[in-house]
Trainee: 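What follows is a single structure, and I will ask about it in a moment.
One-based numbering, in listed order, for ligands and for the atoms of each.
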Amino acid sequence: MIHRNLKYIALPFLLATTAVFAQNPVVQTHFTPDPAPMVYKNKLYVYTGDDQPGFDFYTMTKWRVHSTEDMVNWTDHGVPISLESFNWARDRAWAAQCIERNGKFYWYICAQTVDNNMAIGVAVSDSPVGPFKDALGKPLISTGTWDNIDPTVFIDDDGQAYLYWGNSKLFYAKLNKDMISYAGKITEITQSAESFGGLRRPGRSDEVLQKQEKFDDVYVEGPWLYKRNNQYYMMYAGMTGKTECLSYATSESPTGPWKYQGKIMTDQPTNSFTNHGGIIDFKGKSYLFYHTGLLPNGGSYGRSTAVEEFKYNADGSIPKIKMTREGVSSVGTLDPYKRNEAETMAWSEKCSTLENKKNGVFVSDTRVGGFIKVRAVDFGTGAAEFSASVAAGIDGGILEVHLDEVKGPKIAAVDIPRTGGWEDFKTISSKISEKVSGVHDVYFVFQGKNITAGRKLFNFDYWSFKKK
Ligand code: FUB
């Protein structure tokens, strides 16, 4: 487990946008670029990278996982893998995707090797949230070039699995059933205006780009392969002007020939040069995951996962999709009478997350006036008591529970003393002071005792209500 102290994010942008029920980006406690969704059982998982604040390149060192059952409340599962997990990797923990086969989870990643190239590796686990370990102890794909980035993986109905990847060039290999080796050769897909909207000459220098024939689009990177109604879809990061867009091609076979179908998301104020997406169905709805640089301190090197719902056209084509701040609707409710992790949230301000071996992930760095919002909490006929597992190394603060708005009716308040240490969690309860029933958004608001700003107040691991 990795223990990490993240800077909390407390900026006017967040405060301004909560008024319109902002839900994009879906995680506010840290950056989450290159989203790769996966559905397993009743949950949707999104595997991402981790941009580090304050750098001017993709200086990434770890990968993250979040999950949701209702598309609005996201649970932080921390950092199951990082560069340290792969002894052949030295830098650039770039885009990745995880897939399940026969109860095992295979997380394909790319990273810079000790000999300075990019390579694709695979980590394996018995659980979608880890622990994962490097399946091979060496890269799965290592051809001594920079092209080996952005793996996407797909298992066809006949059991054949395909791994596609590549920057500028697009490659695939047929994976064996073990998912950690491949059969035959690596094939490079021939690109043309008909297949991917354009053709880019190798090289990125201004000279090369000026000589470049002008196309409206071109395959850049970030392939995403899936199948729907016997048609194969390849979404990828294309190019509009000087910024990436999301485009797609289709085929009747998983290995092509591919036919260019146009742009899905383009010309959006994403505040990021790159875009990187995944498309998936969950609970009867279709979703586009993508990233933006719209968190405070974000940008091209501080990118975060966002999601939009869409409907396929009758002919199977994908409509144009615009980014929104509001995101998607809830497809379920949250049960307040079970243990709920504090790091399950629809929105948060002035807090962060940490993880340790004993407690897993918990909310940390809570500051006066910050809050966690949890959506669509179904209280049924009534709640009697609220309990929270909290810790404070010095005099803690007060955890207030409000309904529907951050300043909505206060239904409980937990007074948090020194518990003996920042990770010495104690369960503290409070009677419910108002009548509460039905479905509400719940806000856990952080208040200080005679403190109006400044230092962290307390850590928060989990909560539950007792029924009346
Ligand atoms: O996140 C690093 C790189 O940026 C990814 O590998 C690309 O797809 C682009 O999003």
Trainee: Look only at the side chain of Asp70 and the backbone of Asn73, and say whether a donor-acceptor pair between them is shorter than 3.5 Å.
Mentor: yes
Trainee: When the ring planes of Trp74 and Phe289 are compared, do they come out parallel, tilted or perpendicular, using 30° and 60° as the limits?
Mentor: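 Perpendicular: the ring planes of Trp74 and Phe289 meet at over 60°.
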Trainee: Run the numbers on Glu244 and Phe273 for side-chain contact (heavy atoms from CB on, under 4.5 Å), then give the verdict.
Mentor: CA-CA 6 Å; Glu244 287 187 355; Phe273 163 72; 4.0 Å; yes
Trainee: Please output the residues near ligand 1 using a strict heavy-atom distance under 4.0 Å, listed in chain and residue-number order.
Mentor: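 Within 4.0 Å of ligand 1, protein side: Asp34, Met60, Trp94, Ala95, Asp150, Glu221, Thr274, His276, His291, Arg303.
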Trainee: What is the ring orientation for Tyr162 with Phe154, classed by angle as parallel under 30°, tilted 30 to 60°, or perpendicular over 60°?
Mentor: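 Ring orientation, 0 to 90° scale: parallel.
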Trainee: Sub-3.5 Å donor-acceptor pair from the side chain of Asp156 to the main-chain atoms of Asp158, do we have one?
Mentor: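 Between the backbone of Asp158 and the side chain of Asp156 there is no qualifying donor-acceptor contact (under 3.5 Å).
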Trainee: So, using side-chain contact (heavy atoms from CB on, under 4.5 Å) as the criterion, who are the partners of Ala376 when residues are at least two apart?
Mentor: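 So Ala376 forms a side-chain contact (heavy atoms from CB on, under 4.5 Å) with Ser330, Thr333, Val439.
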